[in-house]
Amino acid sequence: MQDNLPPYLEILNPEQREAVLHSGKNLLILAGAGSGKTRVITTKIAYLIREQGLDPRSIMAVTFTNKAAREMAARARLIDGRAGDAMMRTFHSFGAWFLRRHAVLAGLNSNFVIYDEDDTVSLLGTIDEESPRAVLRTTAALISRAKDYFLSPDDPELDLIDYRPEFRKTYALYEERLKKIGNMDFGDLIKKPVEILRSNPDLARRFRERFKVIMVDEYQDSNIAQFKLLAELSGPETYLCVVGDDDQSIYRFRGAEVRNILEFPERFPGTDIIRLERNYRSFEPILNLASSVVDHNRGRLGKTLRAERGRGKLPELAFLPDQDEEAAHCADLIQGKSTGSVRSVYSDWAILYRTNAQSLGFETALLKRGIPYKVVGSLKFYEREEIKDALALLALMVNPLDEVAFRRIINKPARGIGGTTQDKILESAYANPPVEGGLLAAARNCSLSAKAAAGIEIFASFMDKAKKLISPEEQKTKNIEPGSSSKKTGKITKWSAKNPIRADEGLSVCVASLIQDSGLAEYHSTHDEINGLQRLGNLQELVNAASLYPASEEGLAEFLEHIELDRSIEENKDTGSDFVTLITLHNTKGLEFKRVIMTGLEQGIFPREDKEGDDLEEERRLFYVGATRAMDELYLCSCAFRRMFGRTSIMTPSRFLYELDTLSIRIIGKAPIGFAGKTGLKQPALIRAAKISSDGRWKQGDRLFHDDQGYGAVMDISETDDGPIVKVCFDNGQTRRFLSLYQSGNFTKIKEDEWG
DNA sequence: TAGTTTTAAGTTTTT
DNA sequence: CTTAAAACTA
């Protein structure tokens, strides 16, 4: 035990302190959920600077999400302000930073724009004009996966991604095309730096000299390419410290390789392992519940989480008739109705679901009750057509060779430049060596119809105008542009013909000018009768966001990069500071809430499909992640029916519900057979059932659900003048006869037969 | 070629 | 049900 430790080290537990003070060899920290790993990382950064006298600039700390990177930086700075000078970024943001400086070494453009999966699909569409969109999307996903595994088109191992020679060929063509354009996709942000470091030993040496300490958070979610990047950046002298939890690996589908963490000690010989197994977040039954499910997984490093907070309220599992009741149940819980307790603070609550599509029902229910909420991470904003259009204009300014952006925007609004003309322009641009001025210049040099040529001129003229707004010479006299007529106008959220897109600061002036002069604003407001105003509002919001950046070419590039790498946007709803969080299970990683409701625990929803093997294990880990977000109270919901694609279908409870420790849970509602837990409050008796089969007729053996009796099966059907009478045997052993009342879709209301 | 109608498909999860 | 994409027509 050291004497006179500074307070920020004093407050750590022995394992945490050991991890912070550890030096010399590489370090693998196996940190269970809620064991204070972020505290360890941030403290370690501060400790290295304060006590070890390390230059902050020689420390690199990588995370996976922007939110995590921001939080890490903020918390480290709280302990020591100098920590702000350390490089704390996401893997992808580091890759972009690296490539802006060193891409030229690989003969690549450094003014690249980052292509997302959608852009990749568009580009693939110009390579392969035959295939339908769905096929292109699959190909795009495969290419992205290939890059996660650090596989190039000529790599023999590419067969493991897709053995078809066509795929190899398409991938090669795509790479060639992307290089010509000079842009990067997400995978390139990791893969290309590795290639550059490998072929430039001097540069690699300089990096190894600079970064003496490299730390990685959520290491269980790293992929092969990221592993290789780490390997290139760290030499024998580098102190490598990775933190992770194999039970929280939930991004396998995206190329994350759990073996990275499982085999870390072998890959980096001389590694010490420290386990953080004290959980400070959740009450014991919550941890027991989470562990009991993930215990069914094989191939774990294994650890025992101890609940430092001791016993608390038993988690509740509610069996509900359908998703509307589920949403109502959530609202009841939040308002404290079911328990009769005092209403809690809204921000204590989070509603978790497997897919974004599920958020809608909760939104409507909460809205109806006037409960404020925020949907986290619905990336819709940047996926909106009008926003993508506006971004294409900006992208084309940054990289005039951006074919995808060019095609997207050149004829919007219509300028008489259709697909055929576009092909002609692109063909001539690719036939000739890269033209100064990019695709627009190429278009001007192309012999086109009078109509098309005129369209090009119109387009080129406002692009030139916008360019002037960010060129250095014009900066001093920038009071001449029309958009910024008078004084500060503040944020404008509503649009009218008299109140066009406005801007008065920084880059927003240029962005506003582009959106206005290109006719994009007008195009979207007139083309969409219903949502036109909202579309303009979105465009205005984009303009507002740009005002934070300087009106220069660098500012523009920065703005675009920020948008491309961090798509989470603060939805500027007039929600105060107290709101319920609606969030996907994946998005909750790293977060915690006092009260958590996990919804949709049904086969097909969670776990999704009938997943098997490794995929099923990943779903289990997702359950573990979700459950361990809860500090005080945990609630689970499972519905008997769910509307999907406009149809109502009967659901089977999630298999995880059969796996969990029944002593750690209290059951509410009609549980299917096999649940031994205590039964809580009674649901009001409703008589309702639905069939599995969809042809509108009852069949022997049809499974159904009855609000009073629970799950059951049809034993016998007899036709009468009043319709069919069905005899049902329930899982609880009871037998009843029902008269079918009426039907809609495959959802049938029934009335209990008098003789039943 | 532009714009409209009809048909089909889809819901993972995200940097 | 909602959205995207193919098909169709002016």
Side-chain angles (χ1 to χ4, degrees), chain A residues 62-69 89-96 114-118 120-121 125 130-137 141 144-145 147-148 184-191 218 221-223 225-226 249-256 323 352-361 376-380 382-385 411-422 449 451-452 455 523 526-527 531 561-568 583-589 600 602 604-609 611 615 618-619 621-623 625-626 642-649 745:
Chain A
V62 234
T63 63
F64 281 85
T65 66
N66 296 287
K67 199 193 268 168
R89 287 173 179 265
T90 65
F91 263 111
H92 289 89
S93 138
F94 172 78
I114 300 162
Y115 273 176
D116 62 17
E117 199 121 316
D118 219 50
T120 297
V121 170
E130 309 299 301
S131 298
R133 212 82 186 155
V135 174
L136 297 178
R137 267 199 290 269
S144 152
R145 179 63 63 88
K147 291 187 177 184
D148 287 342
M184 306 276 175
D185 61 22
F186 275 111
D188 287 337
L189 297 181
I190 311 295
K191 187 165 175 272
E218 306 282 10
D221 286 325
S222 60
N223 61 35
Q226 287 159 341
S249 167
I250 53 174
Y251 285 106
R252 208 180 80 97
F253 71 94
R254 212 177 65 193
Q323 59 196 349
L352 277 47
Y353 37 81
R354 180 66 231 275
T355 65
N356 278 307
Q358 284 164 259
S359 77
L360 220 83
V376 171
S378 63
L379 356 125
K380 279 181 197 154
Y382 292 108
E383 277 170 10
R384 289 169 199 273
E385 188 192 351
N411 204 30
K412 207 171 189 176
R415 298 184 183 94
I417 308 159
T420 326
T421 317
Q422 287 172 30
S449 70
K451 194 166 125 202
Y523 173 88
T526 54
H527 268 70
N531 301 314
E561 182 168 314
H562 180 263
I563 285 171
E564 284 145 357
L565 292 180
D566 186 1
R567 314 209 120 187
S568 66
I583 191 168
T584 62
L585 285 154
H586 280 86
N587 260 323
T588 58
K589 203 175 64 170
E602 297 127 38
I605 299 286
F606 187 29
R608 195 162 200 279
E609 301 295 305
K611 291 217 169 183
D615 289 338
E618 177 143 313
E619 299 274 313
R621 293 191 291 266
L622 195 53
F623 180 94
V625 167
R642 189 170 284 277
R643 276 191 313 278
M644 291 160 92
F645 309 127
R647 277 185 199 290
T648 303
S649 36

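Going from atom OH of A:Tyr353 over to atom P of B:dT11 covers 17 Å, rounded to whole Å. Distance, A:Ile114 CD1 to B:dT14 C1': 15 Å, rounded to whole Å. Taking atom CD of residue A:Glu218 and atom P of nucleotide B:dT13, one finds them 19 Å apart after rounding to whole Å. Here C:dT2 presents its P atom at 19 Å from CD of A:Glu383, a figure rounded to the nearest Å. What separates CG of A:Asn411 from P of B:dG3 is a distance of 9 Å, to the nearest Å. A straight line from CG of A:Leu565 to P of B:dT15 spans 10 Å, rounded to a whole angstrom. Atom CD in A:Gln358 sits roughly 9 Å away from atom P in B:dT13 (whole-Å rounding). If you take CG of A:Asp148 and C1' of B:dT13, they are 14 Å apart, rounded to a whole angstrom.
When each of B:dT1, C:dA6, B:dG10 is scored by its nearest atom to the side-chain atoms of A:Pro132, the top-ranked nucleotide is C:dA6. Closest contact between the side chain of A:Phe645 and the listed nucleotides B:dT11, B:dT15, B:dT13 involves B:dT11. Side-chain atoms of A:Arg608 lie closest to B:dT11 of the nucleotides C:dA5, B:dT15, B:dT11. Residue A:Ala414 places its side chain closer to B:dG3 than to any other of B:dT11, B:dG3, B:dT14. Of the candidate nucleotides B:dT1, C:dA5, B:dT11, C:dA5 has the atom nearest to the side chain of A:Arg137.
Expressed to the nearest 0.5 Å, how far NZ of A:Lys589 lies from CG of A:Asp221 amounts to 3.5 Å. Distance NZ/A:Lys67 to OG1/A:Thr90: 14.0 Å, rounded to 0.5 Å. Separating the CD atom in A:Gln323 from the OH atom in A:Tyr353 is a distance of 14.0 Å, to the nearest 0.5 Å. Expressed to the nearest 0.5 Å, how far CZ of A:Arg608 lies from CD of A:Glu619 amounts to 8.5 Å. In this structure, A:Leu352 CG and A:Thr584 OG1 are separated by 8.0 Å, a value rounded to the nearest 0.5 Å.
Nucleotides C:dA6 and B:dT11 are separated by 22 Å at their C1' atoms, to the nearest Å.
With contacts defined as side-chain heavy-atom distances shorter than 4.5 Å, the pair A:Lys191/A:Met184 does not qualify. Within the 4.5 Å cutoff, side-chain heavy atoms of A:Ile605 are placed close to those of A:Met644. No side-chain heavy atom of A:Asp116 sits less than 4.5 Å from a side-chain heavy atom of A:Tyr382.
Residue A:Thr355 is classed as a base contact, given a heavy-atom separation below 4.0 Å to a base. The residue A:Phe91 sits apart from the nucleic acid: no heavy atom pair falls under 4.0 Å. Among the atoms of the strands shown, none is found under 4.0 Å from any heavy atom of A:Thr588. Residue-level contact check: A:Phe64 touches the backbone only, with heavy atoms under 4.0 Å from sugar-phosphate atoms and none from bases. If you check every strand for non-hydrogen atoms under 4.0 Å, A:Arg415 touches nothing. Backbone-only contact: A:Arg133 has heavy atoms under 4.0 Å from sugar-phosphate atoms and none from a base. Residue A:Asp188 is out of contact with every strand shown, counting any heavy-atom pair closer than 4.0 Å.
Both A:Thr421 and A:His92 lie near DNA chain B, and the one whose nearest nucleotide falls closer to the 5' end is A:Thr421. Heavy-atom nearest nucleotides on DNA chain B were determined for A:Arg254 and for A:Thr420, and the one closer to the 5' end corresponds to A:Thr420.
Between A:Tyr251 and A:His586, the ring-plane angle classifies as tilted under the 30° and 60° cut-offs.
Of the side-chain N and O atoms in A:Asn356, one or more sit less than 4.0 angstrom from OP1 or OP2 of B:dT13. Phosphate proximity of B:dT15 to A:Asn66: absent, as no side-chain N or O sits under 4.0 Å from OP1 or OP2. OP1 or OP2 of B:dT15 has not a single side-chain nitrogen or oxygen of A:Ser93 nearer than 4.0 Å. Taking 4.0 angstrom as the limit, A:Arg643 places none of its side-chain polar atoms (N or O) nearer than this to OP1 or OP2 of B:dT11.
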Annotated structure of DNA chain B as dot-bracket, pair cut-off 3.5 Å, Watson-Crick or G-U only, | for inter-strand, is ||||||||||.....

